[in-house]
Structure formats: structure tokens, C-alpha cells
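Okay, so here's the structure we're looking at.
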Amino acid sequence: MLEQIFQFLVTGITVGSIYALVGLGFALIYNASDVVNFAQGEFVMLGAMNAIALLAAGLPLPLAAIAAVLLTTLVGLLLERFAIEPAKGASVVTTIIITIGAAIFLRGVASLLWGKNSLPLPAFSGNEPIDLGGATLLPQSLWILGGTVVLVALVNAFLNRTLLGKALLACSFNRAAAQLAGINVQVMLRLAYGLSAGLGAIAGILVAPITFSSYEAGIMLGLKGFSAAIVGGIGNPMGAVAGGLLLGVLEALGAGLISSGYKDAIAFIFVLMVLFFEPTGLFSHKAAERV
Amino acid sequence: MQNHAAMTNPPPLLAIETLEQSFGGVMALAGISFQTSANRIQAIIGPNGAGKTTLFNVLCGFYQPAAGSLRFNGQELRGLPPHRIAALGIARTFQNLQLFFNMTVLENVMVGCHLRAKTGLLAAALRLSSVRHEEQQLREWASEALELCGLSGQSERLAGALPYGLMKRVEMARALAAKPQLLLLDEPAAGLNDTETMALRDLIMRIRASGVTVLLVEHHMPLVMSVSDRLLVLDYGSVLAEGTPAEIQADPRVIAAYLGGAVQYAV
Amino acid sequence: MRLTGFFIFAASVVLLPVLFPDNYFVTVVGIAAGLHVILAVGLNLLMGYAGQISLGHAAFFGMGAYASAILTTRFSWPSLLAMLAGLWVAGTIAWLLARPILRLRGHYLAMATLGFGIIIHVILVQAAHWTGGPDGLGEIPPLNLLGWTVDGDQQWYGVIAAAMLLSIWLSLNIVDSRIGRALRAVRGSEFAAQMMGIDATRAKTQIFVVSALFAACAGSLFAHQQAFVSPDSFSLMISVELVTMVVLGGMASTFGAACGAIALTLLHEGLVVFEDYEMLIHGALLMAVMIFLPQGLFAGVSQGVRRGWALIASRQRHKG
Ligand SMILES: Nc1ncnc2c1ncn2[C@@H]1O[C@H](COP(=O)(O)OP(=O)(O)O)[C@@H](O)[C@H]1O
Ligand SMILES: [Mg+2]
């Protein structure tokens with residue numbers, strides 16, 4: 001029993017890492033623009049699908065992966081330029097629908113380019129399971145865990161140590177003040193979209209060897225990433241990471257101990273419970289409303 | 001002696017005691033006490049940030065105060081949500097306009113009559129004949145309030161499309177349409193020109209004459225001094241002085257802290 | 001007059017099948033459009049007037065549909081009674097959910113409603129013992145209204161048209177009443193509305209329940225009309241479509257929502273021709289409309305017409 005739970009934990013942390021990366025992308029864009037980008041999951045899908053396609057075209061895996069991340073980043077920038085910028089100042093509902101439109105559009109493009117089947121990506125270093133004293137772990141899971149740790153550390157350092165990163169955070173606290181302080185909010189917005197598209201793509205490439213990928217693989221991942229960001233208190237990047245890990249672990253435990261069919265329901269029940277008791281997420285800073 | 005006092009001083013309409021409200025480190029209200037009896041115009045003055053708006057917000061149940069009590073007609077307001085406080089007969093206007101911009105002027109003021117009507121969801125959905133009658137009644141009430149505030153020709157315009165001065169009057173009409181016992185006005189003269197301010201003065205006098213008690217937060221000293229029965233001076237969340245306009249103008253602490261040059265406007 | 005628009009709309013709904021009898025676009029597409037109108041008009045009460053987004057509205061649609069499907073097939077309930085049960089279930093769940101969920105704002109509310117929709121969808125898929133699982137539930141008996149069995153596209157068109165007109169009439173009445181004004185006031189400024197004595201929580205709860213009831217009613221009709229239900233009809237994408245209809249038509253307008261519903265139904269019908277490109281075009285159109293006509297088609301088009309009209313009028317004057 002204990003071993004089983006250990007196994008669930010290992011699985012949960014692996015899955016949670018992916019949610020964390022996607023959630024981090026949500027948080028970055030939200031910080032820079034107050035927009036929740038519902039096409040975030042499509043970045044994940046595009047990363048994986050691009051890598052698969054480039055690999056099939058003859059590129060070696062590392063090159064294919066890098067090119068796929070760059071391509072997806074470009075898509076993120078284009079999305080910002082042609083769908084988000086023209087709608088500046090639109091209401092929450094309008095921006096939600098624009099990004100949902102973008103998600104459907106990208107799914108449409110993917111299904112045209114690569115068809116509707118699930119496609120595999122080879123594991124980076126084989127499929128020989130690693131024994132962890134009771135629990136087993138795929139080598140790919142190590143890649144996911146390691147990749148997440150490195151990326152989160154990098155993003156964290158970027159946000160807190162570099163001028164550019166601090167400027168990005170400043171945007172979220174007070175856009176007008178940031179503008180006055182000479183921060184180019186427009187550039188920050190592009191930076192955020194590029195960065196989260198890149199992050200999403202890496203997450204997609206890391207997880208594709210385990211889950212495969214298809215044109216609609218981004219939907220659930222995007223929603224779970226959004227959940228992670230919300231649970232963490234939207235706009236708080238490290239909160240999103242914590243939220244993602246928490247969500248992954250709970251989901252794995254729920255799937256293992258209760259019912260795997262209800263896995264997604266369990267995840268969202270958890271999200272609802274968090275919101276019912278902490279209406280602004282677990283790790284958010286609240287300010288009193290003013291009239 | 002005690003009896004005598006009780007007979008000459010009517011019981012206060014509003015009695016506030018040691019009210020405290022802080023935001024993080026800022027003590028917006030640091031233990032305020034004062035009373036207002038019915039049918040008065042009670043002005044509240046003080047420099048920006050003194051806590052005047054916060055006092056209104058606490059009074060209306062928007063914030064729950066850390067300590068103190070608020071009694072209106074003897075009933076404790078603390079802990080009640082805003083809509084229950086409104087139901088007891090308190091209405092207000094806002095320093096930062098809080099109009100319903102997407103509704104017409106008439107609809108805004110009809111919302112003010114909300115508590116005087118009783119149509120429920122089902123009756124409204126089926127548009128029973130009782131509903132039609134009540135709508136007619138609400139329209140009349142709203143028109144009265146609009147007329148009182150000099151807005152008769154504006155009723156079908158969108159509130160958001162009005163010039164600033166008229167928006168402020170719509171807020172006033174909306175508050176009056178509720179037929180309150182106590183009316184809170186938060187800087188009603190801000191942004192108005194002299195003619196408009198004079199009209200506002202007349203309106204406030206008429207409101208009082210109709211039996212409504214007014215709490216008036218205002219920076220326009222000539223208006224405040226000419227219209228109010230009593231003044232409360234706040235500074236840094238505390239009561240600096242309380243008294244009639246003449247007493248306040250003569251109060252050295254007030255002159256030192258705040259009024260300064262403004263005394264010359266006194267009427 | 002207050003209901004002029006309504007009567008014009010009703011007249012065209014009645015005239016269509018007379019002018020084009022046995023036309024696929026009138027009966028089959030018309031039925032789908034009618035159901036969508038009921039859903040969108042109900043959701044618009046919540047989104048357009050109360051300002052509360054719901055990305056899980058398909059859940060209530062599904063509750064109505066599955067209540068009718070399960071109770072009539074497995075328990076042989078009369079269809080009208082099953083429909084009432086569906087309304088009761090959806091209404092009760094909406095009522096229970098309203099308080100905690102409507103406390104949330106903006107994206108948190110979007111997340112919560114979305115999560116709720118997914119939970120219900122997962123249940124529809126997983127509780128196969130009751131719902132038939134992913135394969136769905138078939139052989140649902142026809143709708144029986146006090147002895148009259150609804151049969152054939154023409155009759156269904158009549159029933160759904162009537163339900164649709166009823167929903168529009170109810171919505172128009174609610175909006176233009178004390179209750180509707182209170183809702184709009186809460187949306188405009190919640191604090192000011194409360195200071196007018198409006199219990200904002202209660203107002204939002206009520207309208208959340210009403211919009212759930214509209215959806216459940218549409219669900220019951222849908223189940224009987226199709227004689228088959230499956231979870232696909234109540235997925236997240238359907239919730240998104242419903243929100244799109246409301247926003248597409250222009251929020252806070254009953255006819256706007258109705259137009260949005262009809263427009264999107266026709267769009268889907270039209271896009272079928274493009275097969276593989278359907279998704280791509282659908283996504284691009286969504287983005288384009290939201291970017292270029294953020295107040296929605298209905299407002300955008302009527303504004304355009306008015307401007308064009310003014311232009312023509314001024315030309316005429318110049319000539320004259
Ligand atoms: N919601 C709030 N959050 C933080 N500080 C507030 C809030 N409301 C008021 N304050 C602070 O309380 C003090 C009193 O403000 P206010 O009541 O608006 O003053 P006045 O209306 O007298 O100008 C000010 O220092 C203000 O910054
Ligand atoms: Mg103030």
C-alpha cells in the first residue's frame with residue numbers, strides 16, 4: 001500500500017511538473033497583460049507536434065526540439081501581435097473568447113498539417129524503467145523533473161534578478177506606474193507571450209514521449225495549467241508552480257486510490273474547493289477594494 | 001436635571017462611538033465618536049485622507065470596523081450588509097461616481113426606488129398586471145426625484161453619456177428616490193461651477209426641509225458654512241473639533257490645522 | 001411599443017415554414033437554432049445582465065437532457081414529468097452552487113464554472129450504468145404533451161419555436177422589470193446597487209437559477225427531439241459555443257443573444273462544406289469578430305446600418 005502511494009506520488013510529481021510549466025506560462029502572460037491565454041495548451045501541443053514533424057523530416061532529436069521551441073515561440077509572438085494587441089483594452093470575456101478562438105484556430109492548423117492521429121516522440125534516453133525501491137520511474141520522467149527544476153529556477157532568477165524580469169513583474173503591479181518608470185509595456189507583453197510559448201513548447205516536448213501528442217492534446221493540458229495558475233493565485237508565477245505540483249499529486253492519488261476514470265473530475269473538484277474557501281487562490285496577495 | 005436634558009435633546013438619529021478602521025498600517029479612523037439628531041445638516045470636513053469617505057463606507061457596511069459601534073435609530077449597524085443598512089433608511093452618493101452607466105437616467109433613479117417596490121422574479125417574468133401597475137408607480141416616483149434635482153428633460157438619456165455635473169445630480173436623485181431618513185453626500189460640489197454649487201445649496205436645503213437628515217462631506221467652505229447646522233472636523237482619522245459653523249470658525253485648533261485662509265469665506 | 005421587436009421576430013418565425021415548407025434549412029437547422037436561442041437567451045441573463053461569465057453552462061443543458069433521457073427510458077416516466085424533474089435537478093444544483101461560485105470574480109469565476117462543466121461531463125461519461133457512458137443513451141420516447149405526441153420535423157419546429165418565443169418573452173420581461181434593473185445595477189456598480197437596498201447575492205443567485213432552468217428545458221427538448229443523447233453534446237466546447245453566441249450577438253441584449261445563436265448555428269451548418277478547414281475558419285472568425293466588433297454582431301451591424309442610412313440620407317439631401 002505504502003509502495004503504491006509512493007508510486008502515485010512519483011507519477012503525480014511528474015505530471016504536476018508539466019502542469020507547473022503550463023501554469024507558469026499562464027502566470028507570466030497574466031502578469032504582463034491581465035489576460036488569461038486559453039491558447040496556452042496549444043503551445044504545448046505545437047511544441048510536441050513541431051518536434052515530431054521535424055524529427056520525421058530528418059533532423060536529429062536535439063535540433064528538432066530546439067527548432068520546435070523556437071517555432072512555437074514565434075507562434076506566441078504572432079498571436080500577441082495579431083490577436084491580442086489589436087484588442088487592447090477589451091473586457092475579460094472578450095479576451096477569453098479571442099484566445100479560445102486562437103486555440104481553435106491553432107488546433108485547426110495542426111489537424112490540417114499533421115492529421116488527427118496521435119503521434120509518438122521517442123524517449124530521450126530509452127524506455128528502461130528505473131527502480132526506486134518499490135516505485136518505478138521512466139527515464140523520461142527524470143527529464144521532465146530535471147527540465148522543470150531548471151526552467152523554474154531560470155524563470156525565477158529572470159524575474160527576480162534581471163532588470164527585464166523585474167520590469168515584467170512591475171507591469172503586473174501597476175501598469176501605469178510601470179509605463180511612467182520608462183518600462184515599455186508593449187515589449188513586456190511580447191516578452192511574456194514569447195516566453196510562455198517557449199515554456200509551453202518545452203513542456204510539450206518533454207511529455208510527448210510518455211503521452212504522445214495530437215492536434216487536441218493541448219486542451220486538457222491547457223486547462224490543468226490554468227487550474228494550476230488559479231490555485232496558485234493567478235499572476236503569482238511560483239504560486240502557479242506550486243499549484244501545478246499540488247494538482248498533479250492530488251490527481252494521481254485520486255486516480256490511483258479512488259477511480260482513474262474520474263481523474264479529471266477529482267482535479268477540478270479540488271480546484272473548486274480551493275476557490276470556495278480561498279476565492280483568490282492559495283498564494284495570492286489581496287488588497288482591500290476601494291470605492 | 002437628567003430628565004430635563006432628555007426632554008430638550010431629542011435622542012440622536014445616528015450615534016457613533018469609538019469607531020476604528022485601519023488598512024494595513026494606516027489608521028483611517030482612529031476611534032471616532034459623534035452624534036447627529038434628526039433633521040439636521042451635519043457637515044464633516046477635514047483635509048484629504050482624513051477618513052471622511054472611510055467613515056461613510058463603514059457606516060454603509062462596506063467595511064467591517066475593527067472596533068466601535070454605529071447606532072441608527074437605536075439599532076446597531078455594525079455587522080449588517082449594505083443592503084440591510086439601506087433598508088433601514090440610509091442612502092448615499094459617492095465621491096467617485098457610482099452610476100449605472102449602461103442604464104438610462106430614469107432607470108438609474110428607478111433602481112433608487114428598489115426598496116419601495118416589491119415585484120419578485122416570477123411576477124416580473126410573467127409580467128402580471130400588478131407588475132405593470134407598480135412599474136407605473138415607480139416611474140412617477142422616479143420622475144418626482146428627477147424633477148427635484150432639475151433633471152426632468154434627461155430621463156431617457158444614458159447615464160454614461162451625461163456631462164459630469166448632471167451625473168452627480170443623477171446620483172443625488174437616485175439616492176432621494178429611496179426616500180431615506182439619512183442621506184450621506186460625499187463631496188457633492190466637487191467639480192461643479194459656481195452656479196451649479198448654488199443650485200446644489202438650494203437642493204440640500206430643500207432636502208432637509210422635506211425631513212431628511214443630511215451628512216455632508218464637502219471641501220467647498222462657503223457652501224458648508226452656509227448650509228450646515230453643525231460641523232465635525234476630522235484630521236488623521238480623529239475628531240479635531242465639533243460644533244456650530246461659528247464655533248468651528250473660531251476654533252484655534254481648526255484654524256491652525258486646516259481651515260486657515262478658508263475662514264474668510266465664512267458667511 | 002415595448003414588445004414590437006418581439007412580435008416582428010415571432011411573425012417571421014411563424015412565416016418561415018409557411019413560405020418554405022419542408023425546407024431542410026427551416027425545419028432541421030431551425031430546430032437546432034431554436035434550442036440554441038433558448039440556451040443563449042438564458043445564458044445572456046447571467047452574462048449580459050448580471051455580468052457573470054459561465055464557461056460551464058452546457059452542464060445544465062446536459063442535466064435537463066439526461067434527466068429526460070434516463071427517467072423516460074429506464075423508469076418509463078411520462079415525458080412532461082421527466083422534464084420537470086430535470087428542471088428541478090438543474091435548478092437545485094444551480095441554487096446550491098450559486099453562493100460559493102458567484103462570490104468569485106473574473107478569471108476565478110471562469111475557472112470555477114469551467115471546472116464545474118468538466119466535472120459534470122466526466123460524470124456523464126463515467127457513470128455508464130445510468131448514462132450509457134460515452135456511447136450515450138438512445139431510444140428516448142417522443143415528447144408527449146398532455147396526450148399530444150410530438151412527431152416529425154414540422155411539429156418539432158412548432159414546439160421548439162414556441163418554447164423559444166416563450167424564453168425570449170420571459171427574458172424581455174425580466175430585463176425590463178424591478179428584478180432586471182437590479183441585476184443591471186449590480187453589474188454597473190455592485191456597491192451602489194447594494195446601497196439602493198439590492199441584495200446582490202440573492203439577485204445573482206436567482207438569475208443563475210433562471211439561466212440553468214432555461215438550459216435544462218432546452219436539454220429536455222433536445223433529448224426527445226434527437227431521441228438520443230451522448231456526453232459529446234454537453235462538453236466544454238459546447239459551453240464555449242454558448243458563451244460565443246452571447247458575446248457574438250452582443251451582450252446585454254436578448255435579441256442580440258438570439259441573433260448570435262442563430263448566426264453561429266448557420267455558420268456551423270455552412271462550415272460543414274469546408275470539412276477539414278472548419279476548425280480553422282471557426283477559430284479565425286471568432287477572433288476576427290471579437291477584435292473588430294467587440295460589442296457583437298447585432299450592435300455592430302445595426303450601427304453599420306444606421307451609419308449607412310445616415311450616409312444615404314445625406315447624399316439624398318445634397319442631390320435635392
Ligand atoms: N480601501 C483602502 N485601502 C487602503 N487604504 C485606504 C482604503 N480606503 C482608504 N484608505 C486610506 O485611508 C485614509 C483615509 O481615506 P479617505 O477616507 O478616503 O479620506 P478622505 O475621504 O477624508 O479624503 C487615507 O490614508 C487612505 O489612503
Ligand atoms: Mg473622500
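Order of the sequence lines fixes the chain letters, A, B, ..., with proteins taken first and strands second; residue numbering starts at 1 for each chain.
Contact record, C/Ala185 with B/Val111: CB-CG1, 3.9 Å, taken as the closest heavy-atom pair.
For the set B/Ala117, B/Ala91, B/Gly112, the count of heavy-atom pairs under 4.5 angstrom toward chain C peaks at B/Ala117. Contact count against chain C (heavy-atom pairs under 4.5 Å) is highest for B/Pro82 among B/Ala87, B/Pro81, B/Pro82. Most heavy-atom pairs under 4.5 Å with chain B: of the set C/Arg187, C/Arg184, C/Gln206, this distinction falls to C/Arg184.
More than 12 heavy atoms of other shown residues, nucleotides or ligands fall within 6.0 angstrom of atom CG in B/Asn73.
A salt bridge does not link B/Arg116 to B/Glu134: none of the charged side-chain nitrogens sits closer than 4.0 Å to a carboxylate oxygen.
Between C/Met196 atom CE and B/His114 atom NE2 the span is 10.5 Å, to the nearest 0.5 Å.
For C/Val175, no part lies near chain B; criterion is any non-hydrogen pair under 4.5 Å. For B/Arg84, no part lies under 4.5 angstrom from a heavy atom of chain C. For C/Ala193, the parts lying near chain B are the backbone and the side chain together; criterion is any non-hydrogen pair under 4.5 Å. Only the side chain of B/Glu135 comes within less than 4.5 Å of a heavy atom in chain C; its backbone stays farther off.
Judged by the 6.0 Å and 45° rule, B/Arg174 forms a cation-pi pair with B/Phe100.
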Return all side-chain donor-acceptor pairs below 3.5 angstrom for residues 120-133 of chain B, not counting sequence neighbours, or 'none' if the list is empty.
unit_1, atom_1, unit_2, atom_2, d
B/Arg127, NH1, C/Asp176, O, 3.0
B/Arg132, NH1, B/Arg127, O, 3.2
B/His133, ND1, B/Ser129, O, 3.3

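Within the 4.5 Å cutoff, the side chain of B/Lys52 has heavy atoms near those of the B/His219 side chain. For the pair C/Ile174/C/Tyr49, no side-chain contact is recorded, criterion being any heavy-atom separation below 4.5 Å from C-beta on.
Exactly one of C/Val209, C/Asp199, C/Val186 qualifies for a side chain to side chain contact (heavy atoms under 4.5 Å, CB included) with C/Lys204. That residue is C/Val186.
Heavy-atom proximity under 4.5 angstrom to chain C picks out nothing from residues 141-172 of chain B.
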